[in-house]
Engineer: 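Sharing a structure below in structure tokens format, with a few things to ask.
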Amino acid sequence: MHPLVRAAADRQHGVVTRRDLQRAGIGDQEIRTRVARGEWVRLRRGAYIAAADLAAARSRHRRHVIACRAVLLTLGRDSAVVGGLSAAVVWGLPLPAGPDPEVTLLDPTQTMRGPGFRMSMAPMPPDAATEHDGLPVTSLARTVADCARLERFDHAMVIADAARWDDRLPSADLAAVVAGMQGWRGAAAARCVAELCRAGVESPLETRVRLRLLASGIVEPELLVTIRVDGRAIEADGWWADAAVVMECDGRVKYREPWGGLTTEQKHWEEKRRAEVAGAAGVRFWRVAEEDLRSDAAWAAAVARLEAMLAHPLPGPRRFTVTHEPRRVRRAS
């Protein structure tokens with residue numbers, strides 16, 4: 001690849017424009033020939049990417065970031081920023097339904113729609129936009145607030161909890177942005193999401209379980225709790241102190257792709273030994289999986305198990321210690 005083209009691609013998530021190619025002496029006929037040969041892929045009118053670069057972007061999220069860059073480069077509108085669900089993708093937040101094929105943009109003065117994008121006119125105070133991953137994008141707080149206003153409540157909660165992880169998004173920052181949306185469409189929903197999201201939720205499954213617990217009238221468990229017993233540390237997804245019950249949201253990924261360099265067999269053995277040691281000290285585990293959320297009957301059975309545990313506080317002395325501490329590494333995606 002020509003050095004000028006490679007330099008432009010490296011700056012622009014692999015995307016090059018017709019103007020970038022012309023600067024390197026590559027005319028329209030050669031562009032068409034390379035596209036026909038499969039060397040380049042036409043992303044949209046006037047925007048291309050090397051086929052190898054596109055193939056390297058295997059995830060839908062990464063390809064959506066590339067689409068955002070291609071739209072911004074060809075639109076040529078400096079006031080436009082990536083917003084909504086597209087901004088959530090740029091910030092690396094999980095989208096339960098996956099990224100929308102269309103790129104979402106916000107602009108303070110114009111509404112526009114074109115192939116592969118929609119741009120909405122929206123107020124853009126000075127602190128509403130920033131740069132992330134090389135793209136102009138709504139701030140993390142504004143991104144979460146906009147998704148909370150306009151998307152499904154449970155999906156918005158997944159996004160908000162992920163943004164709050166490790167206090168990357170302080171609650172005060174989110175609350176301030178939401179307060180400035182008074183009178184906007186969906187402002188009440190945004191306030192609700194801002195009040196309910198937490199900084200210690202590690203995965204979409206945990207978010208969904210927490211919402212179902214609230215709907216079932218179960219007291220909210222403590223988050224970011226570590227229980228230590230006989231030299232073992234148990235990082236709880238949730239913790240009900242009186243009954244000494246650990247909430248453990250079991251996604252298959254933690255066994256299929258265990259963290260910490262463990263094999264699947266080692267992970268299963270570690271979990272078994274941990275449960276034995278903790279159980280001997282009086283700690284009980286309420287395990288909930290994706291299957292427990294798929295029907296009302298399955299959820300009712302899971303709640304019944306939990307309520308039976310919570311109804312019996314731990315008697316006698318506690319042979320374990322409990323601390324509240326941040327985690328250095330997020331264990332779940």
Side-chain angles (χ1 to χ4, degrees), residues 61 64-65 68-69 71-72 75 77-97 99-100 102-113 117-201 204 206-208 210-211 214-215 220 223-224 326:
H61 282 62
H64 192 77
V65 170
C68 291
R69 171 55 73 191
V71 169
L72 288 170
L75 191 60
R77 188 172 178 84
D78 292 340
S79 56
V81 302
V82 181
L85 291 179
S86 291
V89 173
V90 173
W91 282 105
L93 302 175
L95 304 187
D100 192 308
E102 282 193 323
V103 170
T104 300
L105 301 177
L106 298 181
D107 187 274
T109 61
Q110 187 171 356
T111 294
M112 182 190 307
R113 190 159 194 160
F117 79 94
R118 60 182 180 274
M119 185 169 70
S120 301
M121 187 169 65
M124 295 295 295
D127 59 350
T130 184
E131 182 177 299
H132 185 74
D133 196 14
L135 290 168
V137 63
T138 50
S139 69
L140 185 56
R142 174 64 182 268
T143 298
V144 170
D146 280 342
C147 291
R149 288 192 305 112
L150 304 173
E151 304 303 325
R152 269 179 47 172
F153 176 71
D154 56 338
H155 290 185
M157 281 296 301
V158 166
I159 292 169
D161 277 347
R164 290 289 318 282
W165 171 257
D166 200 23
D167 272 336
R168 177 167 66 143
L169 172 59
S171 59
D173 290 0
L174 179 57
V177 171
V178 170
M181 292 179 165
Q182 187 172 358
W184 293 21
R185 173 189 168 196
R191 286 194 298 272
C192 186
V193 169
E195 291 170 1
L196 290 178
C197 65
R198 299 289 182 265
V201 180
E206 287 181 39
T207 296
R208 296 171 60 212
R210 202 164 57 83
L211 291 177
L214 289 172
E220 187 173 357
L223 303 177
L224 293 177

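Residues take their numbers from the sequence shown, with the count starting at 1.
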Engineer: To the nearest 0.5 Å, what is the distance between OG1 (T207) and CZ (R198)?
Structural biologist: 11.0 Å
Engineer: I want to check something: taking the side chain as every heavy atom from C-beta on, are P108 and M121 in contact at a cut-off of under 4.5 Å?
Structural biologist: no
Engineer: Identify the heavy atoms of D167 and A199 that sit nearest to each other, and give their distance.
Structural biologist: OD1-CB, 3.5 Å
Engineer: Shortest non-hydrogen contact from L224 to G200?
Structural biologist: CG-CA, 3.7 Å
Engineer: Would you say T138 and V82 make side-chain contact, with heavy atoms under 4.5 Å?
Structural biologist: no
Engineer: Does any part of the side chain of V90, heavy atoms only, come nearer than 4.5 Å to the side chain of H61, both counted from C-beta?
Structural biologist: no
Engineer: Got a second to check how far L211's CG is from R208's CZ, nearest 0.5 Å?
Structural biologist: 9.5 Å
Engineer: Has the side chain of R149 got a donor or acceptor atom that lies under 3.5 Å from a matching backbone atom of V178?
Structural biologist: no
Engineer: Quick one: does any side-chain atom of H64 pair with a main-chain N or O of D100 as donor and acceptor, under 3.5 Å?
Structural biologist: yes
Engineer: Nearest 0.5 Å, please: how far is CZ in F117 from OG1 in T104?
Structural biologist: 11.0 Å
Engineer: Holding to side-chain contact (heavy atoms from CB on, under 4.5 Å), I want the full list of residues that pass it with R113, two or more places apart in sequence or in another chain.
Structural biologist: E102, R118
Engineer: Of the non-hydrogen atoms in A122 and R142, which two are nearest, and what is the gap between them?
Structural biologist: CB-NH2, 3.8 Å
Engineer: Evaluate W184 against L150 for side chain to side chain contact (heavy atoms under 4.5 Å, CB included), listing each step before the verdict.
Structural biologist: CA-CA 10 Å; W184 293 21; L150 304 173; over 6 Å; no
Engineer: Could you measure the distance from the CG atom of L93 to the CG atom of L85? Nearest 0.5 Å is fine.
Structural biologist: 10.0 Å
Engineer: Please report the closest heavy-atom contact between V144 and A163, naming both atoms and the distance.
Structural biologist: CG2-CB, 3.5 Å
Engineer: Are M119 and R77 packed together at the side-chain level, in the sense that at least one heavy-atom pair is separated by less than 4.5 angstrom?
Structural biologist: yes
Engineer: Hey, what do you get for CE (M124) to OG (S79), rounding to the nearest 0.5 Å?
Structural biologist: 9.5 Å
Engineer: Find the distance between CH2 (W91) and OG (S139) and round it off to the nearest 0.5 Å.
Structural biologist: 7.0 Å
Engineer: Might you point out which heavy atoms bring L174 and A141 nearest each other, and give the distance in Å?
Structural biologist: CD1-O, 3.7 Å
Engineer: Tell me whether R164 is salt-bridged to D161, with the criterion being a basic N under 4.0 Å from an acidic carboxylate O.
Structural biologist: no
Engineer: Do V71 and L105 touch side chain to side chain, with heavy atoms closer than 4.5 Å?
Structural biologist: yes
Engineer: Could you pull out the closest heavy-atom pair between A87 and T143, with the gap in Å?
Structural biologist: CB-OG1, 3.4 Å
Engineer: Please answer whether the main-chain N or O of T109 pairs with a side-chain N or O of D107 as donor and acceptor at a distance below 3.5 Å.
Structural biologist: yes
Engineer: Using side chain to side chain contact (heavy atoms under 4.5 Å, CB included), reason through V158 and V201 one step at a time and then give a plain yes or no.
Structural biologist: CA-CA 9 Å; V158 166; V201 180; over 6 Å; no
Engineer: Who pairs with R152 by side-chain contact (heavy atoms from CB on, under 4.5 Å), at least two apart in sequence or on another chain?
Structural biologist: D154, H155
